[in-house]
Novice: 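Before I ask anything, here is the structure I am working with.
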Amino acid sequence: MARDFFCERLVLTSDGGMREIDLAHPVVCVVGPIDTGKTTLADCIKYALGLPVAWREVPGERLQTVTLFVRIEGMRIGLRRSLVRDVSDVELLDSNGGSVEEILDAEPKLDSDRRVVGEVLLDLLGLGEMFAPPSAVALLGAGARLTFEQLYAMCYLTQDVVDGTESVRGKANTAQSYRTVVELLLGLTDGPMRVLTARRDELSRTLTDLRRRTETISAFLTGSAADLETELARSHEEERAALQRLEEFKGRMRAATAHADPLRRRVLETEQVLERCRRAVAEGEHTLGRRQQQVQQLIDQRAHGPQPCSPCPVCRADLTMRPVPEGDCPLCLSALDPAVLAQVLHAAQDALAAAERQLTEQVKAHSEAQTAWEQARIELDARTREEISPLAAQIEGLAAAHATARTRTTLLGRQLEPHRRLAELYRSVQTCEDELKGVREEIRTRKNLLAHRRTTLGEFEEHFTELVGSVGLPGDPGARLNHTSLLPQVRAGNLTKVGHGVRCAINVVYRMAFLSYALVTGATDLPSFLVIDSPRKNVGYGDDDQELVGRLYTHFLDHIAGVRSGGALRTRPHQIIIVDNDLPQLPKRLLDQMHVIELSRDNPLVP
C-alpha cells in the first residue's frame, strides 16, 4: 500500500532570525514573485532529508539551520541540518521535545559507524530491504543498492525537470535505476527477484570470464595432457628410485662413519696429548733460556763486577754518570759479598741443569706423542680410503641422478599445470553453467508468480492515459507510457516532438498519476508525497495555457486531494506541495482545499 510521508513543519534560522512554516495540510501551495524563496522552501525540505542541494546565492548566504518535522508511516521525527558547520551531519530530533536523539551522516562514510539519514528514512518507510537487499548488495556491491535520493526523485518534480523529456526521471536516477525504482513501487518486481537477477548477472560475468580464460590457455597449449601425465608418472617413479638408492647409500655411509668413530676418537686423543707435549716443550725451552740468561749474568758479574743500572727504577733519573765503587751494588752502593755471589751462581747452574734434564724428557715425550698421532692418523686415513671414500663417491653420483630426476619432474609438472588449470576451468565452467541454468529457471518461476502484476502496469497506463485525456491537452498528442523506459512519450516519439507547454503538462500529469494511482488503489509502495515546482510558469501565460493550468490544478485536487469511490469522498494520507508564481482561476470549492503560503519581497521565506 502507499507509504505515508507527510511534512508537518519547517523551521528556518538565518541571519535575520527564525521562521516557522506550517505544512501540516494535504495540499500546500507556495506562491509569490521571483526570488522570494518558493524554490528555496522545496530545497530546505530536500536538504533536511540529507540530500544535496545547489543553493541559490541569497538563501545559501543567510540560512544557518533547517529543521523539518515529518510523519513517516505514523512515526513523527525531526531532522535538523546546519548550513554553516558540520554540513555532513543531520541531527535526528525527538518530535515532542526537540532533543537530539542521534547524529546521522548525510552521505555514507567509510570511516564512520553512524547511520545514514537516507537509510533511516527507507527503513521507516519499510523499503530498506526492498531498495538494498543484503544478498544482492553482497553479490553486486553498490550497484545493487538503491538509495533514498533515487526514491525522492520520484516525489520531487523540480523546476528544471518539469520541462524535461526523458530526464523527467530526475538527476539522481539513471535509466536503469529509474526503471527498477518504478518496477519496485508498482510491484512489478520484488526483493527476491532482485537477488535472483543480481545472482544471474554475477554468474553471467563469471561464466564469460571463465570462458575467456579457457580460450586463452587453450590457444597456447601443445601436446597431450595424457602423454604428459604418463611421462610425469614415469619421472616420479625414477625420482623415487633414485631417492631410495641415495638413502640406502647414505645409511651405509652412516654405518661406515660409525665404524671409523673409534679411530677418530683415537686421533683426537693423540692430537690432544701431542698438543700438551708441544706446550710443555715450549715452556721448557722458555725456562731453559731464562736459566741460561741468569747464569750468564752471574758469570759476568763475577768476572767484570756489577754493571751500572740506569735509569733509576724509582724516579727514572739517569744514573750512567754516577761513580760506583768496585765491588759495590749499582743501586744501593753496598759492598757485594763474593761468597754470596758464588753461592747464587752455583744455585743458578743447578737450576739450569735441572731445566735441561726436564726439557730432554719433554722432547722425548713429544716425540712419542708425535709417533702415536701419526700412527693413528695413518690407520684413520686407511679406513677412510678403503670404506668411506668409495661410498661418498657413490652418494655424490646418486645425489646428482636424484637431482636430475627431480628437475625433470618439476619441468614436466610445470608443462602439465596449464593443462590441469584448463581442466579445472572446464569443470568451473560446467558448474557455473549448471548454476546459471538453475538461477534462470528460478527467475522464470518468479516471473510467472509476478505475471499477474503485469496487469498493474496496464492499469497504471490506463490511469495515466485517463488523466491526460481529462486534462485535455491541445492537439491530442497521444501521450502514453513507454514500456521499456517506463517514461511518458507521445504518438510522434519522445516529448521533444511536442511544444513546451504540452511537454510540461504531460510531465506533471505523469507524476500526478503515480500519486493518484497510489491513492486510488492503495496497492503501490510509493510515498504519498509530491512536490512540483512552477507548473504554471512552465506551461505558459497565454489564454489557452491558463486554461490548461486550471485543468491541471483541478485534477490535482479531484484525483489526489479527494478520491471519490461510489459517490462518497474518501481520503488516504497524502501531501502535495506546489510551488508557483501565482494560482490560476479556480472554483472556491477547490481553493478551500488548499493551504496557501504567500511570499512577497517584503515577506520572503528566509528572514
Side-chain angles (χ1 to χ4, degrees), residues 203 205-275 370-437:
L203 287 171
R205 287 194 300 272
T206 301
L207 186 59
T208 300
D209 180 63
L210 289 173
R211 284 173 174 167
R212 185 176 61 252
R213 289 163 61 189
T214 56
E215 291 173 359
T216 301
I217 294 176
S218 299
F220 289 94
L221 288 183
T222 57
S224 168
D227 294 341
L228 286 174
E229 289 281 5
T230 303
E231 192 172 353
L232 180 61
R234 184 168 57 251
S235 181
H236 273 301
E237 185 60 33
E238 292 175 358
E239 182 182 349
R240 282 193 295 270
L243 180 60
Q244 183 177 0
R245 293 194 63 198
L246 178 60
E247 292 298 328
E248 177 186 349
F249 274 84
K250 283 183 177 179
R252 294 172 61 181
M253 172 64 86
R254 287 191 293 270
T257 302
H259 187 245
D261 282 345
L263 290 176
R264 289 192 180 88
R265 287 194 295 271
R266 182 181 167 191
V267 169
L268 180 59
E269 292 170 356
T270 55
E271 283 181 348
Q272 293 172 349
V273 172
L274 181 60
E275 183 61 27
Q370 180 74 24
T371 302
W373 175 79
E374 291 176 351
Q375 182 62 33
R377 188 68 195 178
I378 290 171
E379 293 181 9
L380 178 60
D381 290 344
R383 180 69 58 83
T384 301
R385 185 173 57 256
E386 295 172 0
E387 298 182 6
I388 297 177
S389 295
L391 290 174
Q394 289 177 309
I395 288 174
E396 183 178 354
L398 289 172
H402 176 259
T404 301
R406 183 171 55 187
T407 301
R408 186 166 179 270
T409 300
T410 302
L411 292 175
L412 287 172
R414 290 177 180 174
Q415 293 179 23
L416 190 58
E417 180 61 26
H419 291 274
R420 291 175 174 173
R421 288 177 55 196
L422 182 61
E424 182 64 30
L425 284 174
Y426 279 132
R427 287 192 292 270
S428 298
V429 166
Q430 185 61 48
T431 301
C432 193
E433 287 177 343
D434 292 342
E435 188 173 357
L436 181 59
K437 182 179 178 181

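If you read the sequence from its start, that first residue is 1, and numbering goes on from there. Owing to the predicted nature of the structure, the values given are computational and were not obtained by experimental measurement. Below, all heavy atoms of this structure are taken into account, side chains as well, without hydrogens, waters or symmetry copies.
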Novice: Measuring from atom CG of Leu436 to atom CG of Leu207, what distance do you get when rounded to the nearest 0.5 angstrom?
Specialist: 6.5 Å
Novice: Please determine whether a side-chain nitrogen of the Lys or Arg among Asp209 and Arg212 lies less than 4.0 Å from a carboxylate oxygen of the Asp or Glu.
Specialist: yes
Novice: Check for a donor-acceptor pair, side chain of Arg266 on one end and backbone N or O of Leu380 on the other, with a separation under 3.5 Å.
Specialist: no
Novice: Please check if the number of heavy atoms outside Arg245 that lie under 6.0 Å from its CZ is greater than 12.
Specialist: no
Novice: Measure the spacing between CD of Glu238 and CD of Glu231 and express it to the nearest 0.5 Å.
Specialist: 9.0 Å
Novice: Looking at Arg240 and Glu247, does any basic side-chain N land under 4.0 Å from a carboxylate oxygen?
Specialist: no
Novice: Does a salt bridge link Glu374 with Arg377, judged by any charged N lying under 4.0 Å from a carboxylate O?
Specialist: no
Novice: Identify the heavy atoms of Leu422 and Thr214 that sit nearest to each other, and give their distance.
Specialist: CD1-O, 3.7 Å
Novice: Picking from Leu411, Thr409, Thr410, Thr404, what satisfies side chain to side chain contact (heavy atoms under 4.5 Å, CB included) with Thr407?
Specialist: Leu411
Novice: Between Thr208 and Arg211, does a side-chain contact (heavy atoms from CB on, under 4.5 Å) hold up when you go through it step by step?
Specialist: CA-CA 5 Å; Thr208 300; Arg211 284 173 174 167; 5.9 Å; no
Novice: Mind listing the closest non-hydrogen atom pair of Arg408 and Ser235 along with its distance?
Specialist: NH1-CB, 3.6 Å
Novice: Are more than 12 heavy atoms, taken from residues, nucleotides or ligands other than Arg420, located less than 6.0 Å from that residue's CZ atom?
Specialist: yes
Novice: Kindly compute the distance separating SG (Cys432) from CG (Leu425), expressed to the nearest 0.5 Å.
Specialist: 11.5 Å
Novice: Is it the case that the side chains of Glu248 and Gln244 hold a donor-acceptor pair, with the cut-off being a distance below 3.5 Å and no angle test?
Specialist: no
Novice: From Arg421 CZ over to His419 NE2, what is the distance, rounded to the nearest 0.5 angstrom?
Specialist: 12.0 Å
Novice: With a 6.0 Å cut-off (strictly less than), is the heavy-atom count around CD of Glu433, excluding the residue itself, greater than 12?
Specialist: yes
Novice: After noting the C-alpha distance and the side-chain angles of Val267 and Glu271, does the key distance pass the side-chain contact (heavy atoms from CB on, under 4.5 Å) rule?
Specialist: CA-CA 6 Å; Val267 169; Glu271 283 181 348; 3.8 Å; yes
Novice: Identify the heavy atoms of Ala399 and Leu246 that sit nearest to each other, and give their distance.
Specialist: N-CD1, 3.7 Å
Novice: Is the closest side-chain heavy-atom distance between His236 and Leu412 below 4.5 Å?
Specialist: no
Novice: Which heavy atom of Gly413 sits nearest a heavy atom of Leu232, and at what distance?
Specialist: N-CD1, 3.9 Å
Novice: I need the minimum non-hydrogen distance between Ala376 and Thr270, along with the two atoms involved.
Specialist: CB-OG1, 4.2 Å
Novice: Show the nearest heavy-atom pair for residues Ile395 and Phe249, with the distance to one decimal.
Specialist: CD1-O, 3.5 Å
Novice: Mind checking the CG-CD spacing from Leu210 to Gln430? Nearest 0.5 Å is all I need.
Specialist: 12.0 Å
Novice: Charged N to carboxylate O below 4.0 Å: is that the case for Glu424 and Arg427?
Specialist: yes
Novice: Atom CG in Leu203, atom OG1 in Thr431: separation rounded to 0.5 Å?
Specialist: 11.0 Å
